[in-house]
Amino acid sequence: MARSVLTLSLPTQVNLEDTVCGDGSFCMSFDLPVVCGDDILVLPNENEFKFYGENKEVYEHDESCRIFMGAVNGAFFCVPGVPLSSHHIAWDAEFGVLKVRISPPGRARSS
């Protein structure tokens, strides 16, 4: 079985202003080609959120399965001492694109 693995590593010099939504939430998108929204998991914990997507469709001459995995460290979004798990994390997947929105505690949560 062939596997495609997406590893996301944000460098320390990343400009997070590019990912800030109008309400102060952080918004990110990840391309997971040909992966159905039902086959994507987002798993947040205190320090990071991980995502996992699997293309389960097998075509007549393609028996491979594609797996996409990634993790984003919460240090980029959290005030020191405030765990990522206390933030509101919403996500949606459509047409092979995973969109993740992280709202700090106490901020308005818009869809």
Side-chain angles (χ1 to χ4, degrees):
M1 171 185 346
R3 292 182 181 212
S4 298
V5 177
L6 169 70
T7 303
L8 176 69
S9 175
L10 294 177
T12 55
Q13 69 271 16
V14 70
N15 183 0
L16 288 179
E17 292 177 5
D18 295 338
T19 62
V20 178
C21 301
D23 65 354
S25 299
F26 294 96
C27 301
M28 294 162 281
S29 297
F30 305 96
D31 287 330
L32 308 175
V34 198
V35 177
C36 175
D38 295 337
D39 296 328
I40 296 175
L41 296 174
V42 175
L43 308 165
N45 64 36
E46 285 192 23
N47 302 316
E48 67 183 2
F49 75 85
K50 297 178 180 182
F51 58 90
Y52 174 89
E54 182 176 353
N55 175 11
K56 295 181 180 180
E57 293 188 25
V58 177
Y59 300 99
E60 184 177 346
H61 298 290
D62 180 9
E63 296 181 9
S64 65
C65 169
R66 290 175 181 83
I67 295 175
F68 299 89
M69 296 181 286
V72 178
N73 190 320
F76 292 104
F77 312 105
C78 300
V79 175
V82 179
L84 181 62
S85 58
S86 68
H87 291 60
H88 180 260
I89 300 174
W91 64 276
D92 187 31
E94 190 173 43
F95 303 114
V97 177
L98 170 63
K99 295 180 182 179
V100 179
R101 176 188 215 88
I102 301 173
S103 301
R107 293 273 173 121
R109 298 177 184 170
S110 58
S111 310

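With values rounded to the nearest 0.5 angstrom, Glu48 atom CD is found 9.0 Å from Leu84 atom CG. Rounding to the nearest 0.5 angstrom, the gap separating the CG atom in Asp92 from the NZ atom in Lys99 is 7.5 Å. Within the model, atoms CG of Leu98 and OG of Ser29 stand 8.0 Å from one another, a figure rounded to the nearest 0.5 Å. To the nearest 0.5 angstrom, Glu54 atom CD is 4.0 Å from Tyr52 atom OH. With values rounded to the nearest 0.5 angstrom, Leu32 atom CG is found 4.5 Å from Ile40 atom CD1. Trp91 contributes atom CH2, which lies 16.0 Å from atom SG of Cys27 (distance to the nearest 0.5 angstrom).
Checked against the 6.0 Å centroid criterion, the rings of Phe30 and Phe51 qualify as a close aromatic pair.
Asn45 places a side-chain N or O within 3.5 Å of a backbone atom of Asn47 that can act as its donor or acceptor partner.
Using a 4.5 Å cut-off on side-chain heavy atoms (C-beta onward), Val100 and Ile89 make contact. In this structure, the side chains of Phe26 and Ser103 stay at 4.5 Å or more apart for every pair of heavy atoms. His87 is listed as a side-chain neighbour of Pro105, based on a closest heavy-atom distance under 4.5 Å.
Linking ILVMFWY residues whenever their side-chain heavy atoms come closer than 4.5 Å, directly or via other members, places Val42 and Phe68 in the same cluster.
Of all non-hydrogen atoms in Ala93 and Gly37, the two that sit nearest each other are CB-CA, 3.8 Å.
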